[in-house]
Number of protein chains: 2
Amino acid sequence: MDRKYTIKDIAEMAGVSKGTVDRVLHKRGKVSDEALNKINEVLNVINYEPNLIARNLKNNKVYRICILLPDPEIDPYWKPCIKGIEDAVQEFRAYNFSIKTFFFNPESKKSFLKKNGAVLEMSPDAVLLPPLFHKEALEVVKKYEEQNVIVNIFNNQIQSDSIKSFVGQDLFHSGRVAAKLLDLLLKKGQIAVIHIDESIKNAIHMQEKERGFRNYFSERKNQDYTITTLKLKNPNVEINLTNFLNENPDLSGIFISTSKAYQIAKAISEIKDKKIAIIGYDLIENNVSYLNQGVIDFLIHQNQKKQTYLGVTSIIEFFLFDKQIPNTILLPIDIVNSENASFYIE
Amino acid sequence: MDRKYTIKDIAEMAGVSKGTVDRVLHKRGKVSDEALNKINEVLNVINYEPNLIARNLKNNKVYRICILLPDPEIDPYWKPCIKGIEDAVQEFRAYNFSIKTFFFNPESKKSFLKKNGAVLEMSPDAVLLPPLFHKEALEVVKKYEEQNVIVNIFNNQIQSDSIKSFVGQDLFHSGRVAAKLLDLLLKKGQIAVIHIDESIKNAIHMQEKERGFRNYFSERKNQDYTITTLKLKNPNVEINLTNFLNENPDLSGIFISTSKAYQIAKAISEIKDKKIAIIGYDLIENNVSYLNQGVIDFLIHQNQKKQTYLGVTSIIEFFLFDKQIPNTILLPIDIVNSENASFYIE
DNA sequence: ACTAATAATGTGTTCGAAAACATAAGAAAT
DNA sequence: ATTTCTTATGTTTTCGAACACATTATTAGT
C-alpha cells in the first residue's frame with residue numbers, strides 16, 4: 001500500500017476513461033448504470049484518496065481571509081495575536097491565501113461595526129473575529145451568513161448557528177484553576193477577587209472567571225474562606241486598593257481576573273512583612289517580572305497567540321484539505337510560575 | 001501583491017525562455033552573462049516564491065520515515081506517542097509519505113540495535129528515535145549518517161553532529177518547576193526525592209530532574225529544608241516506603257521523578273491525619289485519579305504525544321516545504337492540577 | 001570554407017485532478 | 001432514410017515546476 005491510486009488507475013481497472021471516473025466521483029451524472037457499477041466495484045476494493053496537491057494546483061483560487069483584531073496599541077492584551085496570525089501565514093505561504101488583518105478599537109462598538117463593514121466590502125471567503133460586543137457581533141455574523149462568508153470566532157463564545165467554530169479557553173474552569181491554586185497555597189483566610197476593568201472585552205471574561213472561582217469554593221463547602229469582590233478602575237487603582245487593604249488586614253490571597261495583576265503586585269510588594277498570595281493572568285512583561293520576584297505566585301496563560309493561530313489554520317486547512325473545522329477548540333489552561341514561564345514566552 | 005509570480009512571468013519579463021530562468025534559479029550554469037543579468041534584475045524587483053504545490057506534484061517521490069518507539073505494552077509511558085504519530089500521519093495523508101513505526105524493548109539494548117538494523121535495511125529518508133541507550137544510540141546514528149538518513153531524536157538529548165534535531169523537555173528545569181511548587185506549598189520541612197526505577201529510560205530523566213530540583217533550593221540557600229533521595233524498586237516499593245516514612249515522621253513533601261507517583265500516593269492516602277504534598281509526572285489514569293482526590297497536588301505533563309507529533313511533522317515539512325528543522329524544540333513544562341487536567345488529556 | 005564540437009537557449013513532457021471540449025452511439029423526429 | 005437531439009463516453013487542456021530533449025548560435029579545428 002505504498003503508492004497511491006490515481007483516477008487513471010481506477011479508469012484502467014474499471015475499463016472506462018478517466019472522464020467517466022471523474023463524473024462518478026463528483027456525482028455529476030451522465031453515467032450509465034453499467035459504468036457506474038464497474039467503477040463502484042473498483043472503489044469498494046481500493047481506498048481512493050484524491051491527491052490534494054494536484055487538486056490544489058488546478059483550483060488555484062486565491063482564498064481571502066479577513067481577521068478583525070482589537071488594536072494592540074489600545075490594549076496590549078491582543079499583541080500576541082499578531083504573532084499567531086503571522087505564524088499561520090508563514091506556514092501556509094506556499095499556498096494561495098490572502099490574509100488581511102483589520103484593527104478596531106476594542107472600546108468602541110462603532111469602530112467594530114465600521115471595520116466589519118470594510119471587511120464585508122471585500123467579500124472574503126472567511127472571517128475570524130473576537131465577538132467582544134454581543135449584540136453587534138450577532139448583527140455582523142448575520143450579514144456574513146447572508147454573503148456565505150464563513151465566520152470563526154475566538155477569545156469568547158457567543159451562540160449563533162451561523163458561526164462555524166470557536167477557539168478559546170473555558171473561562172469558568174480557568175477561574176476554578178485559580179481557586180484550586182489559592183486553596184493549595186492558603187488553606188484558609190480571606191480572599192479578594194479583583195477586577196481591574198480598563199476595557200469592555202473583559203466584562204465577559206471577568207464574570208465567567210469569578211463564577212468559576214466561587215464555584216470551586218462553594219463546591220467544597222469550605223467555611224474557612226471569605227471571598228470579597230472588588231472592582232477597581234484606573235487611575236484610582238492604587239488608592240482604592242490601599243484603602244481596601246487597610247480595611248481588611250487579614251487578607252491572605254488575591255485573584256485578579258485581568259492582565260493587570262502587576263498593578264496589585266506593585267502595591268503589595270511595597271508593604272513589608274506581609275505575604276499575600278497573588279494569582280493573575282497573562283504573561284506580559286510586568287507580570288512576569290513580579291512572578292520572578294516572587295510577588296505574584298502564579299499566572300494563568302490565556303494563549304492568545306495560539307487562539308488566532310488555530311483560528312486561521314483551521315480555516316486554511318478547511319479550504320485546502322477539506323478538513324472539517326471543529327465546532328469548539330478549547331485550549332488548555334496553562335499554569336505558569338517563575339520556573340516554567342520562559343517556555344511559554346517567545 | 002495578490003497573485004504570485006511564476007517562472008513563466010519571470011521569463012516574459014526578462015525576455016528569455018522559462019528554461020533559462022529555471023537554469024538560473026537552480027544555478028545549473030550554461031547561461032550567458034547577458035541572460036543572467038536580465039533575469040537577476042527581474043528577480044531583484046519581484047519577490048519570487050516557487051509554488052510548492054506544483055513542485056511537490058512533480059517530484060512525487062514517496063518519502064520514507066521510520067520511527068523507533070519503545071513498546072508501550074512494556075512501558076505505557078510511551079503510549080501517547082502513538083497518538084502523536086497518528087495525528088501527524090493524518091494531517092499529511094494527502095502527501096506521499098510512508099511512515100512506519102518499529103517497537104523495541106526499552107529494557108534491552110539488543111532489541112534497540114536489532115530494530116535499528118531493520119530500519120537501516122529499509123534505507124528510509126529519515127528516522128525519529130528516543131536515544132535511550134547512549135553508546136548504542138551514537139553507534140546507530142553514525143550508521144544512519146553514512147547512509148545519508150536524517151536523524152531526529154526525542155525524549156532525551158544526546159550530543160552528536162549527525163543529529164538534525166531534538167524534541168523534548170528541559171528536564172533540569174522540569175525539576176526546578178517541581179521544586180518551586182513544593183516550595184510554595186511547604187515553605188519549610190523535610191522533602192524526599194523518590195525515584196521509582198522500572199525502566200532504564202528513566203535513568204537520564206531521573207538524574208537531570210533531581211539535579212534541577214536540588215539546584216532550585218541550593219540557589220535559594222534556604223536552610224529550612226532538608227532533602228533526602230530515595231530509590232525504590234518494584235515490587236518492594238510499598239514496604240520500603242513505609243519504613244522510610246516511619247523513620248522520617250516529619251516528612252512534608254515528596255517529589256517523584258517518574259510516572260509512578262500513584263504508587264506513593266496510594267501508600268500515603270492510607271495514612272490518616274497526615275498531609276504530605278506530592279508532585280509527580282505524567283497524566284496517566286492512576287495519577288490523575290489521585291490528583292482529583294487531592295492526594296497528589298501537581299503533576300508535570302511531559303507531553304509525549306506532542307514530542308512525536310513535532311518530531312514527525314518537522315521532518316515532513318522539511319521534505320515538503322524546505323522548512324528548516326530547528327536544532328532544538330523545547331516543549332513547555334505544563335503544570336497540571338485537578339482543575340486543568342482534563343484539557344491536557346484526550 | 002566546411003564540418004565538428006560546444007555553449008546557450010528554447011520546447012515539450014510529466015505529475016494528478018478537474019473541467020472544458022470532442023466524439024460516438026442510440027433514439028426520436030421529419 | 002436522413003437529420004436532429006440526447007445521452008454516454010473519451011480526449012485534451014490547464015495549473016507551475018522540473019527536467020529531458022531539441023534547436024539554434026558560436027567557436028574551434030582541419
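Protein chains get the first letters and strands the later ones, always in sequence-line order, with residue 1 at the start of each.
- Residue B/Tyr48 places at least one side-chain N or O under 4.0 Å from the OP1 or OP2 atom of D/dA17.
- Side chains of A/Tyr309 and A/Glu91: a donor-acceptor N/O pair is present below 3.5 angstrom, by distance only.
- Among pairs with a residue in residues 21-58 of chain A, none fulfils ring pair (Phe, Tyr, Trp, His ring centres under 6.0 Å), at least two apart in sequence or across chains.
- Remark: P of C/dG16 and NZ of B/Lys61 are 15 Å apart, rounded to the nearest angstrom.
- Remark: P of C/dT11 and CD of B/Glu12 are 12 Å apart, rounded to the nearest angstrom.
- With contacts defined as side-chain heavy-atom distances shorter than 4.5 Å, the pair B/Leu120/B/Gln147 qualifies.
- Every pair tested for ring pair (Phe, Tyr, Trp, His ring centres under 6.0 Å) that includes a residue from residues 137-159 of chain B fails, sequence neighbours excluded, so the list is empty.
- C/dG16 atom C1' lies 11 Å from atom CZ of A/Arg55, rounded to whole Å.
- Using a 4.0 Å cut-off, some side-chain N or O of A/Thr20 falls inside it from OP1 or OP2 of D/dG10.
- Sorted pairs that involve residues 139-162 of chain B and meet salt bridge (Lys or Arg N to Asp or Glu O under 4.0 Å), not counting sequence neighbours, are lacking altogether.
- A/Asp334 and B/Tyr344 are linked by a side-chain donor-acceptor pair at a separation below 3.5 angstrom, with hydrogens and angles left out of the test.
- Rounding to whole angstrom units, OH of residue B/Tyr95 and P of C/dA17 are separated by 14 Å.
- For the residue pair B/Val31 and B/Leu36, the shortest heavy atom distance occurs at CG1-N, 3.8 Å.
- Sorted by first then second residue, the ring pair (Phe, Tyr, Trp, His ring centres under 6.0 Å) pairs that include residues 52-73 of chain A, not counting sequence neighbours, are A/Tyr63-A/Phe97, A/Tyr63-A/Phe319.
- Distance B/Ile53 CD1 to C/dA17 P: 14 Å, rounded to the nearest Å.
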Protein N or O to nucleotides 19-28 of chain C N or O, pairs below 3.5 Å:
unit_1	atom_1	unit_2	atom_2	d
C/dA19	OP2	A/Arg28	NH2	3.1

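- What separates NZ of B/Lys8 from P of D/dC19 is a distance of 20 Å, to the nearest Å.
- The separation between B/Asn56 atom CG and C/dG16 atom P is 13 Å, rounded to whole Å.
- In plain terms, the two heavy atoms of A/Ser314 and A/Asn152 that are nearest each other are OG-ND2, 3.5 Å.
- Each of D/dA17, D/dC15, D/dT9 was ranked by its minimum atom distance to the side chain of B/Asn51; first place goes to D/dA17.
- Distances were taken from every side-chain heavy atom of B/Leu57 (C-beta onward) to each of D/dG16, C/dT11, D/dT11; the shortest belongs to D/dG16.
- Using a 4.0 Å cut-off on heavy atoms, none of the residues of residues 30-42 of chain B approach DNA chain D.
- Regarding A/Tyr5, its OH atom lies at a distance of 19 Å from the C1' atom of C/dC15, rounded to whole Å.
- One finds no side-chain N or O of A/Thr6 lying less than 4.0 angstrom from the OP1 or OP2 phosphate oxygen of C/dG16.
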